[in-house]
Structure formats: C-alpha cells, structure tokens
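Note sheet for the following structure.
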There are 2 protein chains.
Amino acid sequence: MSKKPSISIIEVAQLAGVSKSTVSRVVSDRGGSVSPEAEAKVLAAIEELGYIRNHIAVGLRTQRTWMVLIMVPDIANPFWAETARAAQDGLEAAGYSVVIGNTDWNEVRQERYLGLARSGRFDGLILNSVTNDLEAIRSMRIPTVLLGERSENPCLDTVGTDTLAATRRALDYLWATGHRRIAIATSEYGSERFLSLRRRAYADFLAEKGLSLDPAIVFQIRLSEEGGRELARSILALPDWQRRIDSIFCGNDVLAIATIEALGEAGVIVGRDLSIIGLDDIPAAAHCRPALTTVRKQREKTGRAAAELLLARIADPERPFEKRLFPGELVTRESVAERRADQ
Amino acid sequence: MSKKPSISIIEVAQLAGVSKSTVSRVVSDRGGSVSPEAEAKVLAAIEELGYIRNHIAVGLRTQRTWMVLIMVPDIANPFWAETARAAQDGLEAAGYSVVIGNTDWNEVRQERYLGLARSGRFDGLILNSVTNDLEAIRSMRIPTVLLGERSENPCLDTVGTDTLAATRRALDYLWATGHRRIAIATSEYGSERFLSLRRRAYADFLAEKGLSLDPAIVFQIRLSEEGGRELARSILALPDWQRRIDSIFCGNDVLAIATIEALGEAGVIVGRDLSIIGLDDIPAAAHCRPALTTVRKQREKTGRAAAELLLARIADPERPFEKRLFPGELVTRESVAERRADQ
DNA sequence: CTGAAAGCGCTTACAG
DNA sequence: CTGAAAGCGCTTACAG
C-alpha cells in the first residue's frame, strides 16, 4: 500500500520506443494518426507496465473531467435515489461517470459540494437546491440542471414535477371527499420572492374556495421522518385540533408516512380521525398502514430528462434555458377518509 | 454560460504585484512565510478577480484530491444511506469531501467506479463490493475500507456487522420460537472460496441442530424489493410448501419486507402462516404490517468506523489491516410466530 | 519573507 | 504518421 511510483506515458513511450505524443494518441481514444505497428508496440508496453491513464492530468489539460455530480437533499428518500438512478443511466450512456452528493438539507454541505464543482472537478451538475440562491449557482457558469422547480422564471435548466398542479390535485381531492379544514405541512425555503410552490398552490386554492388561511395550520416542517414526528406533536398540541383540522397535505411521502406513524402511536387513526395526503408515491406509501393516498411523481422521466438537459447544455452552453415539468398523478389508497360533503 | 476564461494565480499575482509562488502560498493554507502586506494584496486581488483555486491542478501537483468515494450497492436502501451518512460526517470533519457511487449490484458499474479511483480521482475508497475479487481492489493500492465482511482473512481494512453471529442470532430465535423447517434467502456472490457468511452460518446451524440442509429451501436471491416478489413466487411454487417451510431468514430487511408484502397479496399471513426474520432494522421494519422481527445492524457505528479506518490508512499506508465488526441486536416484532416447540 | 524554475501527467497545434 | 515543444494551473525545493 505504499505510494505507487505512478508510471506515466513517459515510461510507456520509452519501452515502446516512441514519443509520448504517440502514446498519448493511442490512449486518448480520439483515434487516428497512429500506425498499426506503433499502436501495437504502445499497447504492449502499456500491458507490460500496467499503465493507467491519470485522469487528473487529462482533466487539467482538456478541462474536462467526464464526471457529473448529482446533489440531493436526502439520499435515504427513495424518491431521490430513484430519480438519481434514472439520471445516472442517461449520463453513463453518454460516457460520463456519475457520483452523488448528499446535502442532507444542509446549506453548508451544499456549499461544500458547489465548491467542488467550482474548482473544476465536474463537467456538470444536477441538483435539488437547498437554498433559493439560484443566481449564485448560475453564476458559477457550470452546466447545471435543477431538479425541482424553484421559481417560475428559471435562470437554469429545470426538470421536475409540476408542483403547483400536483399540489392542486391533492387539495382538490381532499375537497371532493368532503374536507374543509385542510392544513398544509411543508418545508419553506423562506423568502417571499420564492414562496414555496406548494404553499402558493395552497393559498390559491383557499382563495378560490373562499376559505380563509389559518396560519396555525400552515406547518413549516422539514420533509423527513423527524419532521413527521414533529408535525404529529404540533398537531396534537393545537388546542381542540380536531375542530380545526380535518385533513393535511404533506409536502412529501416521507413526511406523510412518518406523521401517520407518529399519530398512530398517539391513538389517532389516520383515514378516519384525520385524513392525510402525500406527494411522491414512494414504495413505502403502498406498504404502510393505512396505505397512503398520494400524488405520484414521475421519477424515471424526471431523471432521464435531467440527463438529457444536462447533456444538451454541456454540448451548447449558449442554448436557451429549458424547463421540463411532468404532471403528478393521484393515487388513492386509505389515508383519506370519505366525509359527507356537507359535514 | 460560455467557457469561463478561468483566471489563475498568474492573473492574481500580476494584480497583486507579487510572484505566483506567493499567491500559491496564501491560497494553499499551509500557512507560513508570507508577509502580512503581501497576503493582504493577494487577498484583495483574489477578491477583485473572483479567483477560484483549481483543484484539478492542485490534485495533479500534490497527488491528493481530498475526495473520497463511497460505493454502495443500493442507494435507495436506507441501511446504506445511513451508513454512508455516518461515514461522511467523519470524513468531512477531517477535511475530505465525500461523494457516493451507486453500483446497483452491478459489476460493470462497480468497475467503472474503480476505474475512476484508479485514475487518481480519489484519495480513498469505502465500498461494499459487488464482487469477491478483493485482490483486484487491493492491488489498486488506493486506501480502501470494505463495508461488510467478505472473508475471514481480509486483505483490506474492514468494517461491518459480525454477520456470522447476527445470522446465528436470527436462526437461534427462530429455533427458540419452535421453528424447525427454516429456509434461507440471500444473495450469493457465487464462489466456494467466499461462501456467503449468511449461508455459512446457516449451514453450521443446521449441522449443529442435526437438521439436514434441503437445497430446495435455500433461496439465492437479490436483496431487493424485486427479489422479495421473486422469493414469494418461489415459495408459493414449491409443492406443498407449508409442509416444507415454517420460517425464513431473509438476507436483509428490504427483501424481508417485500416478501411479506408479496406473500400478503397471495393471502399468506406472515407471523401466522409463515415466520420471517430480517437483518438490518431499517425504519420500514417498524412500520410494515406485520412489523418485522429482525436483527439490527449498527449503521452509525459502522459508518464512523469506516471513516476512522480510512483516515488511518491514508495517514499510514503501511499499517496492518484492521477489521472492526459490530454485533447485531435482535429486535422482536410481529413477523415471527410463536410455535409450540414440539410442533 | 520571496521569486525563478522545475515539474505533476497529460494533450495538442505545429512542423516535418 | 510522428516528434519536439508549449502549456493546462498549481506547488515546492532551492536560493537569496
């Protein structure tokens, strides 16, 4: 395990009896301009020496690393895992290696990864940003695609779900099943310029139905298991909560499922005492009890689209920004009760 | 989004009126040997120019990238996600950036990532290998720690759970609750030199109890949701299966939970008609119905230990190999029935 | 404390 | 088809 002497093209060239230019020509697969004999000698020397191309050096020279970084906020959430996997497929097919950065909803970590990108280590970035400072990301001038819409006029390529419409679909379903005291629980990146799309859909919905927005039932919460336990506590702590809330739209399934679980431990039966609807449709949504009614996001398509847009951006840095949003699809299961509409 | 002109220490040096050596001394944090005035001028120039250090170049020069790659077979499995997260904490504290590679149980992908490592992009590797060719990994001479014991005499640093003991614990519990026709379902990396530790524990257990090994109830299956559906099908396809199997040890929780689910759809009630015990204790184990009895692995400790061993290896490439195994802990829930011991 | 110079391992016009 | 040379952006002895 000692520092390997690191054999380079120079040694290969010597052994093969050619110049290092020639060695470089054969190892860099840009084909052409090497005689079969020379190539054979070089290949033999490479084999004999166990030469391995140093991509750090290649990267320095060519300004290309053939690596792409996908940054997600929660590696343990299957939604991200599967979206990343789909993107990975598309990128690898184009010759890139993909590597994942877990920001853990943490700005410091995100900054750290962005620093990596800035310092030339990746040819492209796919990320779900933990912050709203998209401008900072854009100004890095690294090909980037955003996973998840963050504003309506993007300054970056964007792929994701039409969150406004998906949230609306969930809310409409709650309404149709007779719910009138609908709460929302979602994370908030906290600037008024970038009011979360889920929150905006919620506000629009209430306004349209002539309902007033009760700040006490707008929960700002991390979209995680921990958030779910916290949400359950917040609900239960609300004086006379059953009068004030008959249903909750949760910002994602992980939160929804954890909330159901935590509420269950407190004796509240979701799907009867309280309705919960999620967003994502991760595998666990079908497995938990009660099974979660939710709005499905199209992970596969989203991931693939992310890869496509990134490849297009790398190929042409000047092309206009593109946004590709996919519709969500309602999946009804057991966590939403049917109430009489006049209740 | 055009190629940035990439301002380097040369421009900074010019603007600051010093040599690039001096600039380098201030940006490389090895402190020392720069006058306060020079430093101030350099810092000002950096600020004005928006200089960003190119780590590809640094990496080429210093042979250090300050990046570590963690390779896991299934990013969507919370077990890996959390273990990786713990390792990430330890590594970042030491100044490294960590990035995750998802091999998806795929040798080609693993090879691709190893290629990245070989070509100088990472200072260290933490991986759960999809193959048994540990020698190939060792011979790369890159600081590496294995996540998960693969053989008893390791040629690499290893951290993980004492799989032999953990499996044994699960089997003993099945025995203690009266099960006598115990099946096993786990993946197999397929060489006799490296018989899976789970399988070995199983064989030892049967031998000790004087039970014969029935190959028909030794299921070789991928440790995934898909594997669970396949396993359910295999069980159901076995003629007179209820006579032949009263319980199954599943190689991990993802497999166990998916199997419970699939069996449930076929009308088999786990915890009554059949007992299932898992390994890992992922969050879903507590949430599924019936809740899964399993053996808990210590993800946090494992991840931390991986970081520690890797750091130690990087610091001293010649130190003897170390193996750190943590015990598993039985967590009883609902998926294992209590049978009369004489049944 | 500071600068000139060599060099990390490669690629790429430029001649030939 | 092939080689000599310059250079990617940095670091690091070596002098001073």
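Protein chains get the first letters and strands the later ones, always in sequence-line order, with residue 1 at the start of each.
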Counting heavy atoms from C-beta on, name the nucleotide in [options] closest to the side chain of [X].
| X | options | value |
| --- | --- | --- |
| A/Lys20 | D/dA4, D/dA6, C/dG9 | D/dA6 |
| B/Ala38 | D/dT2, C/dT2, D/dC10 | C/dT2 |
| B/Ser19 | D/dT11, C/dA4, D/dG9 | C/dA4 |
| B/Val34 | C/dT2, C/dA4, D/dT11 | C/dT2 |
| A/Ser21 | D/dA5, D/dT11, C/dA5 | D/dA5 |
| B/Arg25 | C/dC10, C/dG3, D/dA4 | C/dG3 |

Under 4.0 Å between a side-chain nitrogen and a carboxylate oxygen: does that hold for [X] and [Y]?
| X | Y | result |
| --- | --- | --- |
| B/Glu300 | B/Arg304 | yes |
| B/Lys301 | B/Glu308 | no |
| B/Arg109 | A/Asp89 | yes |

Problem - Base-pairing assignment for C/dC14 (Watson-Crick or G-U wobble, both under 3.5 Å) - result: D/dG3

Exercise for the section: With DNA chain C as reference, determine whether A/Arg53 or B/Gly17 sits nearer its 5' end, using the nearest nucleotide of each. Expected result: B/Gly17

Once you round it to whole Å, what is the distance between [atom2] of [N] and [atom1] of [X]?
| X | N | atom1 | atom2 | result |
| --- | --- | --- | --- | --- |
| B/Ile46 | D/dG9 | CD1 | C1' | 14 Å |
| A/Glu11 | C/dG9 | CD | C1' | 10 Å |
| A/Ile9 | C/dC10 | CD1 | P | 5 Å |
| B/Ile10 | D/dG7 | CD1 | C1' | 10 Å |
| A/His55 | D/dG9 | NE2 | P | 19 Å |
| B/Ile56 | C/dT11 | CD1 | P | 14 Å |
| A/Asn54 | C/dC10 | CG | P | 5 Å |
| A/Tyr51 | C/dC10 | OH | P | 3 Å |

Does OP1 or OP2 of [N] have a side-chain N or O of [X] closer than 4.0 Å?
| X | N | answer |
| --- | --- | --- |
| A/Ser8 | C/dG9 | no |
| A/Gln63 | C/dT11 | no |
| A/Ser35 | D/dC1 | no |

Handout entry: Euclidean distance for C1', C/dG16 against C/dT12 (whole angstrom)
Key = 16 Å

Problem - Residue whose closest nucleotide on DNA chain D lies nearer the 5' end, B/Val23 versus A/Pro36 - result: A/Pro36

Practice task
Look at all strands and tell whether A/Thr22 reaches a base, only sugar-phosphate, or nothing, counting heavy atoms closer than 4.0 Å.
Solution key: sugar-phosphate

Exercise for the section: Step by step, work out the salt bridge (charged side-chain N to carboxylate O under 4.0 Å, His left out) result for A/Glu82 and A/Arg85. Expected result: CA-CA 5 Å; A/Glu82 289 187 22; A/Arg85 184 167 352 209; 5.3 Å; no

Exercise for the section: Report yes or no: is there a donor-acceptor pair, N or O only, under 3.5 Å between the side chain of A/Arg61 and the base of D/dG7? Expected result: yes

Practice task
For the pair A/Thr144 (side chain) and A/Ile142 (backbone), establish whether a donor and an acceptor sit closer than 3.5 Å, ignoring hydrogens and angles.
Solution key: yes

Handout entry: Contact check, side chains of B/Tyr113 and B/Arg121, non-hydrogen atoms, under 4.5 Å
Key = no

